[in-house]
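Throughout, residue positions are numbered sequentially from 1 according to the sequence presented. Keep in mind that the numbers below use all heavy atoms, side chains included, and drop hydrogens, waters and symmetry copies.
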Amino acid sequence: MQYTIAQVAKKYGMTAHTLRYYDKEGLLPFVDRTESGIRSFKESDFEWLAIITCLKQTGMPVKQIREFIELCQKGESTIEKRLKIFEEQKKSIAQQMDVLNKHLDKINFKIWYYSTAKKHGIDYVQNQKKYKDEVKKDIDSKNIKVSKKF
């Protein structure tokens, strides 16, 4: 079965403009065209689109995605290079996740801080030493990570 660019865009939750951009940037060399030049996607193209979307959404630049696709088209002799691309991307994602987790910890602490201030009053939060046992119990019960001791 053949699919139009509009059908593929809808299926993948992206715009036809994005698919045209990917094509222009050399990310879709596998997509056939009709005699009149209209892109005609087939089922086997969907896995390629899934990989492109994955790499793009994890921060890989279009240029590097294009290099990966070019390596794939060259065949088995490039497997080691392709593996290295994915290993490097995994490291990059892990680093991004570490940074995001640190930010999430800070946000969770601030949510606790402001909800506690709203519930008990600002004095309770600002005078944490005075209420140390209560505050510690509250933090522990909500599994909030606190980067510094109070």
Side-chain angles (χ1 to χ4, degrees), residues 1-120 122 125-126 128 135-150:
M1 183 169 180
Q2 300 293 314
Y3 299 88
T4 66
I5 197 167
Q7 291 170 320
V8 173
K10 184 177 180 181
K11 179 178 176 81
Y12 276 88
M14 58 178 67
T15 65
H17 174 77
T18 299
L19 287 167
R20 286 186 197 97
Y21 170 74
Y22 286 172
D23 191 25
K24 179 181 162 221
E25 291 297 319
L27 303 185
L28 307 177
F30 46 84
V31 174
D32 296 329
R33 290 190 179 253
T34 64
E35 286 183 19
S36 57
I38 297 171
R39 292 168 194 86
S40 179
F41 293 82
K42 54 195 173 301
E43 294 280 339
S44 61
D45 297 337
F46 295 158
E47 181 59 30
W48 282 105
L49 288 171
I51 293 294
I52 292 167
T53 301
C54 169
L55 294 174
K56 187 72 180 117
Q57 289 181 351
T58 58
M60 185 178 282
V62 168
K63 180 182 176 186
Q64 195 172 2
I65 297 171
R66 181 176 51 247
E67 290 170 9
F68 167 73
I69 291 170
E70 288 169 357
L71 288 170
C72 290
Q73 292 184 315
K74 289 179 181 176
E76 289 183 23
S77 64
T78 65
I79 286 178
E80 191 172 326
K81 289 179 183 177
R82 289 185 265 166
L83 174 61
K84 186 172 180 159
I85 288 171
F86 276 92
E87 289 172 341
E88 288 174 6
Q89 191 64 11
K90 180 180 176 181
K91 285 179 191 173
S92 174
I93 293 167
Q95 289 171 345
Q96 292 173 45
M97 289 173 66
D98 286 345
V99 169
L100 289 174
N101 280 324
K102 287 177 184 171
H103 292 317
L104 182 60
D105 289 346
K106 175 64 99 177
I107 288 170
N108 282 333
F109 177 77
K110 289 298 186 180
I111 288 170
W112 169 84
Y113 181 92
Y114 291 118
S115 63
T116 302
K118 180 180 172 187
K119 181 178 176 183
H120 296 290
I122 197 73
V125 177
Q126 287 180 340
Q128 291 176 351
V135 171
K136 183 164 179 11
K137 183 179 174 185
D138 196 23
I139 287 172
D140 290 343
S141 72
K142 292 183 174 61
N143 201 22
I144 297 169
K145 295 179 183 175
V146 180
S147 57
K148 56 186 175 187
K149 294 186 177 185
F150 48 89

Run the side chain to side chain contact (heavy atoms under 4.5 Å, CB included) test on Tyr22 and Ile65 for me, step by step, so that the C-alpha distance in whole Å, both residues' side-chain angles and the decisive distance to 0.1 Å come before the verdict. CA-CA 10 Å; Tyr22 286 172; Ile65 297 171; over 6 Å; no
Chi angles and distances behind the side chain to side chain contact (heavy atoms under 4.5 Å, CB included) call for Ile52, Ile69: CA-CA 9 Å; Ile52 292 167; Ile69 291 170; 3.7 Å; yes
Given Asp45 and Tyr3, is the side chain to side chain contact (heavy atoms under 4.5 Å, CB included) satisfied, shown in steps? CA-CA 10 Å; Asp45 297 337; Tyr3 299 88; over 6 Å; no
Between Tyr12 and Leu19, does a side chain to side chain contact (heavy atoms under 4.5 Å, CB included) hold up when you go through it step by step? CA-CA 10 Å; Tyr12 276 88; Leu19 287 167; over 6 Å; no
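Atoms CD and SG, on Gln57 and Cys54 in that order, are 8.0 Å from each other to the nearest 0.5 Å. To the nearest 0.5 angstrom, Leu100 atom CG is 6.5 Å from His103 atom NE2. Met97 CE to Ile93 CD1: the interatomic distance, rounded to the nearest 0.5 Å, is 8.5 Å. Note: Gln95 CD to Lys90 NZ = 13.0 Å, rounded to the nearest 0.5 Å. Between the NZ atom of Lys56 and the OG1 atom of Thr18 there is a distance of 9.5 Å, given to the nearest 0.5 Å. Atoms CZ and NZ, from Phe68 and Lys84 in turn, are 15.5 Å apart once rounded to the nearest 0.5 Å.
When all heavy atoms of Gly75 and Arg82 are compared, the pair lying nearest together is O-NH2, 2.8 Å. Across all their heavy atoms, Gln73 and Pro29 have their closest contact at NE2-CG, 3.2 Å. Minimum interatomic distance between Ile5 and Ala16 (heavy atoms only, all atoms of both residues): CD1-O, 3.7 Å. Closest approach of Gly26 and Arg66 over heavy atoms only: O-CG, 3.9 Å.
Put simply, the side chain of Leu27 does not reach to within 4.5 Å of the side chain of Trp48, judged on heavy atoms. Counting heavy atoms from C-beta on, the side chains of Arg20 and Arg39 come closer than 4.5 Å. Put simply, the side chain of Leu55 reaches to within 4.5 Å of the side chain of Phe86, judged on heavy atoms. Side-chain contact between Lys81 and Ile85 is absent, with no heavy atoms from C-beta onward closer than 4.5 Å. Between Leu49 and Leu28, some side-chain heavy-atom pair lies under the 4.5 Å cut-off.
Taking the six-membered ring for Trp and the full ring otherwise, the centers of Phe41 and Phe46 sit at least 6.0 Å from each other.
For the pair Gln96 (side chain) and Thr58 (backbone), a donor-acceptor distance under 3.5 Å is present. Of the possible polar contacts, none joining the Glu25 side chain to the Lys63 backbone as a donor-acceptor pair under 3.5 Å is found. Judged by distance alone, the side chain of Thr78 and the main-chain N or O of Lys74 form no donor-acceptor pair under 3.5 Å. A donor-acceptor pair is defined here as one N or O able to donate and one able to accept, closer than 3.5 Å; such a pair exists between the side chain of Gln7 and the backbone of Thr4.
Salt-bridge annotation for Asp23 and Arg33: present, with a side-chain N of the basic residue lying under 4.0 Å from a carboxylate O of the acidic one.
Heavy atoms from other residues, nucleotides or ligands lying under 6.0 Å from CD of Glu80 number 12 at most. Heavy atoms from other residues, nucleotides or ligands lying under 6.0 Å from NZ of Lys42 number more than 12.
Side-chain atoms of Glu88 and Ser92 include no donor-acceptor pair closer than 3.5 Å.
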